[in-house]
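Remarks on the structure that follows.
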Amino acid sequence: MLRTAHAFWLNAPGRGEIRPVRLKTPDEDEVVVRTLYSAVSRGTEALVFRGGVPASQYEAMRAPFQEGGFPGPVKYGYLNVGVVEDGPPELVGRTVFCLYPHQTRYVVPASAVTPVPDDVPASRAVLAGTVETAVNAVWDAAPMLGDRIAVVGAGMVGCSVAKVLSGFPAVRVQLVDVDPARAAVAEALGVGFATPADALGDCDLVVHASATEAGLSRSLELLVPEGVVLELSWYGDRRVSLPLGEAFHSRRLVVRGSQVGAVSPARRGRRGRADRMRLALRLLADPAYDALITGECGFAELPAVMPALADGRTHPLCHRVVYDPA
């Protein structure tokens with residue numbers, strides 16, 4: 001079996017390369033995975049690629065199998081689907097998801113991979129980490145029957161949250177984005193769409209995922225009195241202004257943070273990270289999620305593609321990376 005691989009590394013902000021890697025011999029409780037697909041989490045990975053992780057967050061922002069450190073050189077990423085080539089018999093030959101960077105083969109503990117259900121294509125399963133974030137956000141948000149909800153920011157995370165919320169009975173879910181082209185994605189997901197100016201108000205809950213000051217301000221404007229904005233955006237080292245004057249206090253509005261690094265307190269006593277990931281993969285049996293994959297390249301192209309993803313010259317929702325077959 002091959003014990004060599006290649007991995008995508010960020011050498012320094014704005015510059016990436018593919019490097020050879022020598023794999024360790026797996027222990028009895030480890031697996032060797034050959035990558036089929038990975039995906040670029042545009043918000044976080046673009047910020048890492050630009051060198052925008054603040055020094056105070058270096059430890060908090062570490063990916064599970066990251067090597068190196070911020071701002072670089074660093075091997076970073078966490079959306080990876082592959083097939084187990086070696087390991088415990090019950091896993092050999094199985095398609096699995098792992099929170100691993102962009103690399104052709106890798107060795108990890110067997111406990112770090114989650115088998116992909118038979119009704120979920122490997123090409124779609126790369127979304128599992130993003131849908132896991134959406135699951136955690138919905139646990140934090142705790143929507144109620146009949147709620148009026150807006151999701152501001154139709155990126156990977158915002159679209160995933162809107163799709164999960166659309167399964168709640170009698171809720172009104174509207175996806176809000178400055179790009180009118182996102183209306184087609186919203187339609188594929190089965191949710192409403194509006195630009196910020198036309199968004200429906202009187203919302204009990206707004207999930208904000210646009211990572212912009214304007215989006216956060218508009219989120220507050222859309223709330224009913226005592227409504228809640230659940231903040232999912234990651235701003236990195238950017239400072240954000242928020243209109244906490246005006247009617248913020250008189251209307252008793254709430255802004256609450258949510259982050260996937262820890263299981264929501266609403267479920268922490270009953271669910272672990274493995275449970276959350278298995279749930280995300282079950283949700284991906286719905287082919288509607290295919291609408292989130294709007295860009296693709298080969299693994300060898302990644303050093304040339306990442307700068308365009310990071311600076312916004314190209315802006316797919318999910319950019320999928322395809323690996324050569326064995």
Side-chain angles (χ1 to χ4, degrees), residues 7-16 37-81 97-103 126-137 140 151-161 207-212 215-216 230-240 257-263 273 276-277 280 292-295 297 302-303 305-321:
F8 175 74
W9 277 74
L10 172 65
N11 290 335
R15 291 202 327 271
Y37 302 95
S38 63
V40 177
S41 178
R42 280 192 62 242
T44 303
E45 288 193 59
L47 189 146
V48 170
F49 192 81
R50 294 193 302 266
V53 178
S56 64
Q57 297 300 303
Y58 281 179
E59 190 57 36
M61 283 294 296
R62 286 191 67 85
F65 294 101
Q66 173 182 325
E67 293 183 35
F70 304 118
V74 62
K75 184 175 76 174
Y76 193 86
Y78 46 83
L79 300 173
N80 190 299
V81 174
F97 178 87
C98 186
L99 295 167
Y100 204 87
H102 310 281
Q103 184 166 312
V126 291
L127 293 166
T130 305
V131 176
E132 182 191 19
T133 300
V135 168
N136 208 58
D140 277 338
V151 180
V152 177
M156 279 177 71
V157 171
C159 286
S160 297
V161 170
V207 179
H208 179 239
S210 81
T212 65
L216 183 52
L230 190 75
E231 176 60 276
L232 286 181
S233 300
W234 169 240
Y235 299 94
D237 56 2
R238 289 184 292 134
R239 292 187 175 273
V240 177
S258 176
Q259 207 268 348
V260 73
V263 174
R273 294 187 182 189
R276 191 176 63 182
M277 180 58 74
L292 303 188
I293 300 171
T294 57
C297 73
L302 201 49
V305 169
M306 275 299 298
L309 292 174
D311 65 18
R313 278 176 285 156
T314 60
H315 45 87
L317 284 170
C318 173
H319 187 88
R320 185 169 58 200
V321 182

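Treat the numbers as computed from the prediction; the structure is a model and nothing was measured.
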Handout entry: Single hit among V321, V81, L292 for side chain to side chain contact (heavy atoms under 4.5 Å, CB included) with V126
Key =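 Single side chain to side chain contact (heavy atoms under 4.5 Å, CB included) partner of V126 among V321, V81, L292: V81.
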Pairwise side-chain contact, [X] with [Y], heavy-atom cut-off 4.5 Å (strictly under):
| X | Y | value |
| --- | --- | --- |
| L127 | M156 | yes |
| W9 | E67 | yes |
| T44 | Y78 | yes |

Practice task
May I have the step-by-step check of side-chain hydrogen bond (donor to acceptor under 3.5 Å, both in side chains) for E45 and H102, ending in yes or no?
Solution key: CA-CA 11 Å; E45 288 193 59; H102 310 281; 2.9 Å; yes
Closest contact, heavy atoms only, [X] versus [Y]:
| X | Y | value |
| --- | --- | --- |
| A154 | C159 | O-SG, 3.5 Å |
| A46 | A310 | CB-CA, 3.7 Å |
| V74 | G68 | CG2-C, 4.1 Å |
| T212 | S210 | OG1-OG, 2.7 Å |
| D140 | S258 | OD2-OG, 2.6 Å |
| Y76 | M61 | OH-O, 3.1 Å |

Problem - Residues which pass ring-ring contact (aromatic ring centres under 6.0 Å, His included) with F65, listed by chain and number, not counting sequence neighbours - result: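 F65: ring-ring contact (aromatic ring centres under 6.0 Å, His included) contacts with Y100.
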Exercise for the section: Using ring-ring contact (aromatic ring centres under 6.0 Å, His included) as the criterion, list what pairs up with Y37, not counting sequence neighbours. Expected result: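 In terms of ring-ring contact (aromatic ring centres under 6.0 Å, His included), with neighbours along the sequence ignored, Y37 is linked to no residue.
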Quick one: does [X]'s side chain have a donor or acceptor within less than 3.5 Å of a partner on [Y]'s backbone?
| X | Y | result |
| --- | --- | --- |
| R276 | N136 | no |
| H319 | V40 | no |
| N80 | P101 | yes |
| S233 | A211 | yes |

Mind checking the [atom1]-[atom2] spacing from [X] to [Y]? Nearest 0.5 Å is all I need.
| X | Y | atom1 | atom2 | result |
| --- | --- | --- | --- | --- |
| C297 | L309 | SG | CG | 7.5 Å |
| E231 | Q259 | CD | CD | 12.0 Å |
| L230 | H208 | CG | NE2 | 11.0 Å |

Practice task
Determine, stepwise, if the pair M277 / L99 fulfils side chain to side chain contact (heavy atoms under 4.5 Å, CB included).
Solution key: CA-CA 10 Å; M277 180 58 74; L99 295 167; 4.3 Å; yes
